[in-house]
Amino acid sequence: MSILSQLQACQERISKACQQANRASQSVQLIAVSKTHTAEKVLKAFEGGQKHFGENYVQECLEKIHSLEAHRKEMIWHFIGPLQSNKTKLIAEQVDWVQSVDREKIAQRLSSQRPPDLAPLKILVQVNISGETTKSGVTPSEALQLCRVILALPNLQLRGLMAIPEPGASSDSLKELHHLFEKIKMTLGDYNLFDTLSMGMSDDLELAIQSGSTMVRIGTAIFGQRDKTAINN
Ligand SMILES: *Cc1c(COP(=O)(O)O)cnc(C)c1O
């Protein structure tokens, strides 16, 4: 299948899942995760109307943004991978969203390194619900505190939470995340930009939408299998 038809199939899965959950289909944003795939493939998806793209590895992310520079103004780039402090400057200068913030130090660096002529960097706090194999992410009980730190930083705009549940995670753990999201949103009171819960990938997007996700990050179902030998992922 072509990228275009896979993209359409993915949009249909999202609409259908929204319908079944009694939600508007515009309430879920699709991020096309292009890690390990070429800029040419990204361009195909872009020409098919896709605007949001996600990347996991700093170097690969920067190279792809660079080779698609001609369309930069119409593309929205999300960094969704682990971020070390010596790489924050490059990311702060180039992307629109960082979904994987799980430490104060990273948030502070992103804020001070965000060029002032750019819009504030949109931020999701990565939460690690129990049983995840990845070491990234704050615990649910630490999430609110990190959100408050981010809110106080000038060049960041806190937008919500992100999680990478285990393959086959129960709907209970996804609902627990949604509950945490709602709780923090309520605690933040008048702050009305806390509107994004990023969870759901190729295999579990229906379950994620059923559980309250507002943003799904889809790689394989749009771009096909990743070459597992190229990058260890
Ligand atoms: C790779 C990746 C995805 C996409 O996964 P697929 O199963 O290919 O859809 C989503 N989110 C993160 C953080 C990823 O690393």
Side-chain angles (χ1 to χ4, degrees), residues 1 3-14 16-17 28-39 41-42 44-45 48 50-65 76-84 87 91 95-103 106 122-129 131-138 143 159-169 173-174 177-178 181 196-233:
M1 267 213 288
I3 287 179
L4 210 58
S5 53
Q6 299 200 118
L7 180 62
Q8 277 163 2
C10 212
Q11 286 158 343
E12 277 158 30
R13 277 175 71 189
I14 294 172
K16 203 164 157 213
V28 177
Q29 186 79 59
L30 170 59
I31 312 298
V33 177
S34 46
K35 65 176 179 224
T36 79
H37 296 291
T38 60
K41 284 178 150 186
V42 174
K44 286 229 165 64
Q50 180 63 29
K51 297 280 193 288
H52 290 260
F53 295 92
E55 284 286 337
N56 285 60
Y57 309 102
V58 174
Q59 198 53 39
E60 188 190 352
C61 179
L62 300 175
E63 281 167 14
K64 233 167 272 179
I65 291 176
I76 301 152
W77 285 96
H78 297 243
F79 188 74
I80 62 176
L83 186 54
Q84 285 154 1
K87 302 281 176 60
I91 290 299
V95 307
D96 303 292
W97 292 64
V98 178
Q99 300 203 6
S100 45
V101 173
D102 63 358
R103 280 178 288 154
I106 296 291
K122 295 168 182 68
I123 301 288
L124 301 181
V125 167
Q126 185 175 349
V127 179
N128 192 330
I129 49 169
E132 286 179 26
T133 41
T134 163
K135 297 215 169 37
S136 311
V138 295
R159 294 301 294 268
L161 304 181
M162 182 272 249
I164 313 174
E166 287 275 86
S173 52
L174 299 187
L177 259 162
H178 182 243
F181 171 72
T196 304
L197 177 58
S198 173
M199 62 177 185
M201 312 202 287
S202 293
D203 289 339
D204 67 351
L205 77 87
E206 284 83 4
L207 185 65
I209 290 172
Q210 188 70 42
S211 310
S213 167
T214 72
M215 186 178 269
V216 290
R217 309 176 308 266
I218 310 297
T220 311
I222 295 173
F223 295 109
Q225 286 294 331
R226 286 181 287 277
D227 180 358
K228 297 246 170 28
T229 57
I231 297 180
N232 56 346
N233 194 56

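None of the values given here were measured: they were computed from a predicted structure. Counting convention: from 1, in listed order, for ligands and their atoms alike.
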Tell me yes or no: between the side chains of Thr220 and Gln225, is some donor less than 3.5 Å from an acceptor?
no

Nearest heavy-atom pair of Gly200 and Ala208: which atoms, and what distance?
CA-CB, 3.5 Å

For Val33 and ligand 1, does the shortest N/O to N/O distance drop below 3.5 Å?
no

Which ligand 1 atoms does Arg217 reach within 4.0 Å, using its non-hydrogen atoms?
4 (C), 9 (O), 10 (C), 11 (N), 12 (C), 13 (C)

Give the contacting part of Gln99 toward ligand 1: side chain, backbone, both or neither, where contact means a heavy-atom distance below 4.0 Å.
neither

For Asn56, which part has a heavy atom under 4.0 Å from ligand 1: side chain, backbone, both, or neither?
side chain

Atoms of ligand 1 under 4.0 Å from any heavy atom of Ile218, numbered from 1 in the order shown, are 9 (O)

Can you confirm whether the side chains of His52 and Gln29 place a donor and an acceptor under 3.5 Å from each other?
yes

Phe79: ring pair (Phe, Tyr, Trp, His ring centres under 6.0 Å) partners, not counting sequence neighbours:
none

Give the numbers and elements of all ligand 1 atoms closer than 4.0 Å to a heavy atom of Thr220.
6 (P), 7 (O), 8 (O), 9 (O)

Any salt bridge linking Lys64 with Glu60? Criterion: basic side-chain nitrogen under 4.0 Å from a carboxylate oxygen.
yes

Pull out every atom of ligand 1 sitting under 4.0 Å from any heavy atom of Gly219, numbered as shown with elements.
4 (C), 6 (P), 8 (O), 9 (O)

Honestly, for Asp203 the part within reach of ligand 1 (heavy atoms, under 4.0 Å) is neither

Checking Gln126 against Ser136: is there a side-chain donor and acceptor pair closer than 3.5 Å?
no

